[in-house]
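In what follows, a structure is listed as structure tokens, so that the remarks can point back to it.
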Amino acid sequence: MICKKCGGIYDDDMQKCMWCDAPNESLSSQDECETSSADSEAQEEAYKESLKELVDPELERAFDDNVRRGKSAISWTKFQIVLNILFFFVEVKTFGAFQNYQVGTTVSEEVKSALGTIFLFLLFTSIPFFVFIGKNWLWVYHAHKEQSKFTETFFAPWGAVICYFIPVVNYFVFKALLENQGNTLKLLGIKAKTESNKLLTWFFIFNIATPIFNYLTFKSLNTPIRFISTILWIILTVLGIKLIKAATANEQAVHDQLENNRINKKVEEIIAQREAV
């Protein structure tokens, strides 16, 4: 080590110059880095400990409200499964008329009846369908919004809403949400469940297969292909329901922790008031 003050040479591990007693700046900077690193780690640990005792009634209420939204979304999704099964039978009953129809010929009564049946069915199911869409959008928006208060999220709330019903992309919406929820549970000292990993894998597989068979159904109007397409959609939707249940279970766990913290703090305040009397 060359001293910047006097130009003398001394060992690198010496605390100061042996000629003029000037401090070894390289060692000083290393000590400062180690001290800074230790302080940041201590602050991080203190932050994690404070989260375990976090009391926030507004946040507690927000998680409770979204658990209710998740349950409502699940109920409407189940109803949508029933409607899609009914639509399959409507398809089987009516699409035969379209296969016999040739462009440019007179529209037969059979085709008119098939068109009327499909129109009435779609009219009847339109309101439940839009409610199903809205309920799911509302849940996923607030799920990502509340989660962002604890950890950084890849999807903004509105981004999650836009991507929620896009095949394959919605896999990443669920994946990011569940991973962030797992990190939050760890911060709060709650044991996180890992069963959602297998669900995500199967959800991804059926997210690829279902649109493919939907396209084949549109191209061929073949009854066996329509049946397979319907079954795939049902399985995909059931997997989606299970993922919503997993996410709402995590939200319920966070709510319960915040509720317990609030109750414990209230009890401590009452005990402290009694002791002060």
Side-chain angles (χ1 to χ4, degrees), residues 69-70 73-92 95 98-99 118 121-122 125-126 128-144 147 152-183 192-251:
R69 294 188 191 100
I74 289 171
S75 297
W76 281 96
T77 303
K78 290 179 178 178
F79 184 55
Q80 192 63 32
I81 291 176
V82 174
L83 293 179
N84 267 44
I85 293 173
L86 292 175
F87 185 63
F88 167 75
F89 289 107
V90 171
E91 286 181 315
V92 172
F95 276 29
F98 299 113
Q99 290 177 331
I118 293 174
F121 184 85
L122 293 177
T125 59
S126 60
F129 174 75
F130 285 115
V131 173
F132 151 74
I133 295 289
K135 291 286 185 179
N136 278 269
W137 273 347
L138 193 63
W139 170 77
V140 77
Y141 173 85
H142 285 279
H144 281 266
Q147 185 54 47
E152 293 184 6
T153 56
F154 181 80
F155 287 93
W158 279 111
V161 169
I162 293 170
C163 298
Y164 187 74
F165 285 108
I166 300 176
V168 180
V169 181
N170 55 6
Y171 160 81
F172 295 100
V173 174
F174 276 112
K175 187 174 185 293
L177 176 62
L178 292 167
E179 286 180 353
N180 290 330
Q181 286 181 336
N183 293 332
K193 296 180 180 180
T194 57
E195 61 184 23
S196 58
N197 292 333
K198 292 182 179 180
L199 289 175
L200 280 169
T201 302
W202 284 110
F203 186 73
F204 181 76
I205 293 171
F206 280 91
N207 238 317
I208 296 173
T210 303
I212 293 173
F213 274 88
N214 285 344
Y215 175 75
L216 294 175
T217 300
F218 176 77
K219 293 291 289 185
S220 66
L221 299 179
N222 184 277
T223 300
I225 294 178
R226 284 204 304 273
F227 177 76
I228 295 173
S229 176
T230 303
I231 294 298
L232 289 176
W233 184 87
I234 291 172
I235 295 173
L236 176 64
T237 307
V238 169
L239 291 171
I241 289 173
K242 289 183 177 294
L243 288 172
I244 296 174
K245 284 183 177 180
T248 52
N250 291 337
E251 290 177 317

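These numbers come from the heavy atoms of this one structure, side chains and all, not from hydrogens, waters or symmetry mates.
- Here the closest non-hydrogen pair linking Ala176 and Phe155 is CB-CD1, 4.0 Å.
- Ring orientation note: the planes of Trp202 and Phe206 are tilted relative to one another, at an angle of 30° to 60°.
- With a 4.5 Å cut-off on side-chain heavy atoms, Lys242 and Val238 count as touching.
- Annotation: the span from Arg69 atom CZ to Glu251 atom CD amounts to 9.0 Å, rounded to 0.5 Å.
- With contacts defined as side-chain heavy-atom distances shorter than 4.5 Å, the pair Leu216/Ile228 does not qualify.
- Between Ile205 atom CD1 and Leu232 atom CG the span is 12.0 Å, to the nearest 0.5 Å.
- At most 12 heavy atoms of other shown residues, nucleotides or ligands fall within 6.0 angstrom of atom CZ in Phe227.
- Each of Ile231, Ile235, Leu236, Ile234 was evaluated against Thr210; a single residue qualifies, Leu236, per the side chain to side chain contact (heavy atoms under 4.5 Å, CB included) test.
- Heavy-atom minimum distance, Pro128 versus Phe79: CB-CE2, 3.6 Å.
- Atom-to-atom distance recorded for Leu199:CG and Lys175:NZ is 14.0 Å, nearest 0.5 angstrom.
- In this structure, Ile244 and Gly70 approach most closely via the heavy-atom pair CG2-O, 3.9 Å.
- Note that the CG atom of Leu83 and the CZ atom of Phe88 stand 15.5 Å from one another [nearest 0.5 Å].
- Nearest heavy atoms, Asn170 versus Tyr164: CB-O, 2.9 Å.
- The nearest pair of heavy atoms linking Ala247 to Trp139 is CB-CZ2, 3.5 Å.
- Put simply, the side chain of Leu177 does not reach to within 4.5 Å of the side chain of Val173, judged on heavy atoms.
- Separation of atoms CD1 (Ile225) and CD1 (Ile212) is listed at 12.5 Å; rounding is to 0.5 Å.
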- Item | From CA spacing to verdict: side-chain contact (heavy atoms from CB on, under 4.5 Å), Val82, Lys78 | CA-CA 7 Å; Val82 174; Lys78 290 179 178 178; over 6 Å; no
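- Annotation: side chain of Phe87 is in contact with side chain of Leu122 (closest heavy-atom distance under 4.5 Å).
- Contact detail for Phe165 and Trp137: the closest heavy-atom pair is CD1-NE1, 3.4 Å.
- Distance check: His142 NE2 to Gln147 CD gives 14.5 Å after rounding to the nearest 0.5 Å.
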